[in-house]
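In what follows, chains are A, B, ... by sequence order, proteins preceding strands, each numbered from 1. The analysis underlying the following values was restricted to heavy atoms, covering all of them including side chains, and did not include hydrogens, waters or symmetry mates.
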2 protein chains.
Amino acid sequence: MEFVKDQSAGYLANHMARIFAHGLTARIKPLGLTTGTFPALLELWDTDGLTQKQLVERLDIEQATMANTLARMERDGLVIRKKDPNDRRVQRVWLTDRARNLRGPAMAAAQEENAARLAALTAEEKRQFVALMQKVIQTRMPEKQGNV
Amino acid sequence: MEFVKDQSAGYLANHMARIFAHGLTARIKPLGLTTGTFPALLELWDTDGLTQKQLVERLDIEQATMANTLARMERDGLVIRKKDPNDRRVQRVWLTDRARNLRGPAMAAAQEENAARLAALTAEEKRQFVALMQKVIQTRMPEKQGNV
DNA sequence: AGCACTTGCATAGCTCGCTATTCAAGTATT
DNA sequence: AATACTTGAATAGCGAGCTATGCAAGTGCT
């Protein structure tokens with residue numbers, strides 16, 4: 001065969017991402033979280049009250065995807081959205097107490113999943129692996145170089 | 001608790017997979033293909049007439065996902081599904097002429113996308129990268145009880 | 001002031017992945 | 001032969017991602 005799927009970087013990336021997502025889904029389900037909320041939560045745990053626009057910029061996610069994700073998060077009591085009084089187009093996103101309290105357990109779950117998936121790699125391989133993924137990502141996003 | 005998303009393997013895997021998917025989507029759109037059909041097509045180009053069950057086993061995709069993907073492929077004139085006369089539960093999947101003719105261009109598109117995304121890596125890094133992803137995928141830790 | 005342009009977000013509608021459930025066809029047990 | 005179990009696929013319903021489009025609030029030009 002001219003194309004071996006298990007040697008194709010794109011195929012492997014997709015497969016691997018599904019495996020990570022599957023594992024993380026299971027680990028954070030007891031917390032009442034889903035994987036799609038994770039990136040937004042990470043940003044908000046660091047800086048509460050970001051605008052939707054700011055979240056989109058920080059996460060390389062489309063605006064429409066973020067709008068939908070935030071709607072689910074609001075529905076599930078993780079955030080509330082308030083119009084910025086200075087510019088009423090802007091929605092600022094604020095964590096609820098519940099979301100703030102999930103920071104520790106959620107980060108622990110993510111780290112456990114990472115550790116489990118990389119368990120077969122040596123410390124040096126883990127370092128290389130992360131560096132290579134960063135490099136591949138930055139190939140499309142040269143504007144972010146040095147910022148990672 | 002320190003968690004830097006751009007050093008998290010799972011986060012990077014997700015991000016990278018979205019980048020690959022985005023690129024491949026654009027490259028195969030002119031062919032009338034979408035990314036989800038690609039794995040099934042690769043198997044069928046190699047062995048036409050597989051059953052749905054066999055496709056599921058070969059691709060690490062859930063049965064329901066494959067059923068939906070094949071339904072879209074049939075709708076789009078890529079395959080036809082025929083009941084196996086020896087076991088009428090079984091659906092065998094057969095490529096159409098159109099799908100057979102797409103093999104060359106589709107594989108070329110995938111290889112071009114892979115090459116573009118890995119352009120910043122040396123030959124040795126590419127080899128390592130693929131090997132590391134294979135290793136991560138093949139790691140299947142037994143479910144831990146209580147302590148991960 | 002009035003008009004066009006820009007910006008931030010929401011909505012519609014799609015793919016693709018998942019879990020859970022249902023259904024029909026085969027197999028096995030009695 | 002009738003019943004129960006097993007197996008292959010389909011369906012329902014959701015999350016998460018995308019593109020395209022709509023709309024209201026702000027900005028700028030005249």
Side-chain angles (χ1 to χ4, degrees), chain A residues 10-11 13-29 32-41 50-57 59-76 78-79 81-93, chain B residues 10-11 13-29 32-41 50-57 59-76 78-79 81-93:
Chain A
Y11 187 94
N14 172 275
H15 193 177
M16 191 174 64
R18 285 193 288 116
I19 290 171
F20 272 104
H22 190 263
L24 185 59
T25 295
R27 285 186 149 90
I28 63 181
K29 188 174 183 180
L33 292 178
T34 56
T35 55
T37 68
F38 223 103
L41 286 172
L50 290 171
T51 71
Q52 185 174 307
K53 180 85 188 304
Q54 290 173 314
L55 284 169
V56 165
E57 286 165 353
L59 295 174
D60 192 24
I61 284 282
E62 289 301 316
Q63 174 268 320
T65 300
M66 184 53 67
N68 282 326
T69 299
L70 290 173
R72 287 197 308 278
M73 291 173 77
E74 191 161 32
R75 179 200 65 190
D76 296 340
L78 292 168
V79 299
R81 289 184 282 186
K82 286 192 212 155
K83 281 196 162 65
D84 186 315
N86 299 324
D87 184 343
R88 292 162 35 111
R89 291 170 304 181
V90 173
Q91 289 273 35
R92 289 201 175 270
V93 183
Chain B
Y11 187 93
N14 172 276
H15 192 177
M16 190 175 64
R18 286 192 288 114
I19 290 171
F20 271 104
H22 189 263
L24 185 59
T25 296
R27 284 186 147 89
I28 62 181
K29 188 174 183 180
L33 292 179
T34 57
T35 56
T37 67
F38 222 102
L41 285 172
L50 290 170
T51 71
Q52 185 173 308
K53 180 86 188 304
Q54 290 173 313
L55 284 168
V56 165
E57 286 165 353
L59 295 173
D60 192 23
I61 285 281
E62 290 301 317
Q63 174 268 321
T65 300
M66 184 54 67
N68 282 327
T69 299
L70 290 172
R72 288 198 307 280
M73 291 173 77
E74 190 160 31
R75 179 201 64 190
D76 296 340
L78 293 168
V79 298
R81 289 184 283 185
K82 286 192 211 155
K83 282 196 163 68
D84 186 315
N86 298 326
D87 185 342
R88 290 161 31 133
R89 291 170 303 181
V90 172
Q91 288 272 35
R92 290 201 174 268
V93 183

A.B. asks: Please state how far atom CG in A:Leu50 lies from atom C1' in C:dG8, giving the value in whole angstrom units.
C.D. replies: 15 Å
A.B. asks: Quick check: do B:Ile61 and A:Arg18 have side-chain heavy atoms less than 4.5 Å from each other?
C.D. replies: yes
A.B. asks: So, does B:Thr34 get its side chain near the phosphate of C:dC16, meaning an N or O under 4.0 Å from OP1 or OP2?
C.D. replies: yes
A.B. asks: Given C:dG17, is OP1 or OP2 found less than 4.0 Å from the side-chain N or O atoms of A:Asn14?
C.D. replies: yes
A.B. asks: When you check the phosphate oxygens OP1 and OP2 of C:dG17, does a side-chain N or O of B:Arg18 lie under 4.0 Å from one of them?
C.D. replies: no
A.B. asks: C:dG8 C1' sits how many Å from A:Lys83 NZ, rounded?
C.D. replies: 11 Å
A.B. asks: Can you measure A:Gln54 atom CD to C:dC9 atom C1' for me and round it to whole angstrom units?
C.D. replies: 14 Å
A.B. asks: Under 4.0 Å between any heavy atoms, over every strand shown, what does A:Arg92 touch: base, sugar-phosphate, or nothing? Just pick one.
C.D. replies: nothing
A.B. asks: Nearest-Å distance, CD1 (A:Ile61) to C1' (C:dC9)?
C.D. replies: 16 Å
A.B. asks: If I compare all heavy atoms of B:Ala67 with all of B:Arg81, which pair ends up nearest, and what's the gap?
C.D. replies: O-NH1, 3.8 Å
A.B. asks: Mapping A:Asp84 and B:Thr51 to their closest nucleotides on DNA chain D, which lands nearer the 5' end?
C.D. replies: B:Thr51
A.B. asks: Could you tell me from which nucleotide to which nucleotide of DNA chain D, 5' to 3', there is an atom under 4.0 Å from chain A heavy atoms?
C.D. replies: D:dG15 to D:dG26
A.B. asks: Measure from CZ on B:Arg72 to C1' on C:dG13 and round the result to the nearest Å.
C.D. replies: 14 Å
A.B. asks: Within this structure, what is the CG-to-P distance between B:Leu59 and C:dG17, rounded to whole angstrom?
C.D. replies: 10 Å
A.B. asks: Report the residue (A:Thr35 or B:Leu70) whose heavy-atom-nearest nucleotide on DNA chain D is the more 5′ of the two.
C.D. replies: B:Leu70
A.B. asks: Taking all atoms of both residues into account, what is the closest heavy-atom pair of A:Thr34 and A:Thr37, and its distance?
C.D. replies: O-OG1, 2.8 Å
A.B. asks: Under 4.0 Å between a side-chain N or O of B:Thr65 and OP1 or OP2 of C:dC18?
C.D. replies: yes
A.B. asks: Taking only residues two or more places apart in sequence or in another chain, which ones pass side-chain contact (heavy atoms from CB on, under 4.5 Å) with B:Arg72?
C.D. replies: B:Asn68, B:Thr69, B:Arg75
A.B. asks: When rounded to the nearest 0.5 angstrom, what is the spacing between OG1 in A:Thr65 and CG in A:Asp60?
C.D. replies: 10.5 Å
A.B. asks: Would you mind classifying the nucleic acid contact of A:Ala64 as base, sugar-phosphate or nothing, using non-hydrogen atoms under 4.0 angstrom?
C.D. replies: base
A.B. asks: With sequence neighbours excluded, tell me which residues meet salt bridge (Lys or Arg N to Asp or Glu O under 4.0 Å) with B:Asp76.
C.D. replies: none
A.B. asks: Rounded to the Å, how far apart are A:Asn86 CG and C:dG8 P?
C.D. replies: 14 Å
A.B. asks: Look at all strands and tell whether B:Thr25 reaches a base, only sugar-phosphate, or nothing, counting heavy atoms closer than 4.0 Å.
C.D. replies: nothing
A.B. asks: Quick one: label A:Gln63 by what it contacts on the DNA or RNA (base, sugar-phosphate, nothing), any heavy atom closer than 4.0 Å.
C.D. replies: base
A.B. asks: If you assign each of B:Arg88 and A:Ala67 to its closest nucleotide in DNA chain C, which residue comes earlier from the 5' end?
C.D. replies: A:Ala67
A.B. asks: Do you know the tightest heavy-atom contact between A:Ala13 and B:Met16?
C.D. replies: CB-CE, 3.9 Å
A.B. asks: Roughly how far apart are A:Gln91 CD and A:Lys53 NZ, rounded to 0.5 Å?
C.D. replies: 15.0 Å
A.B. asks: Could you tell me the separation between the CG atom of B:Leu24 and the P atom of C:dT15, rounded to a whole number of Å?
C.D. replies: 16 Å
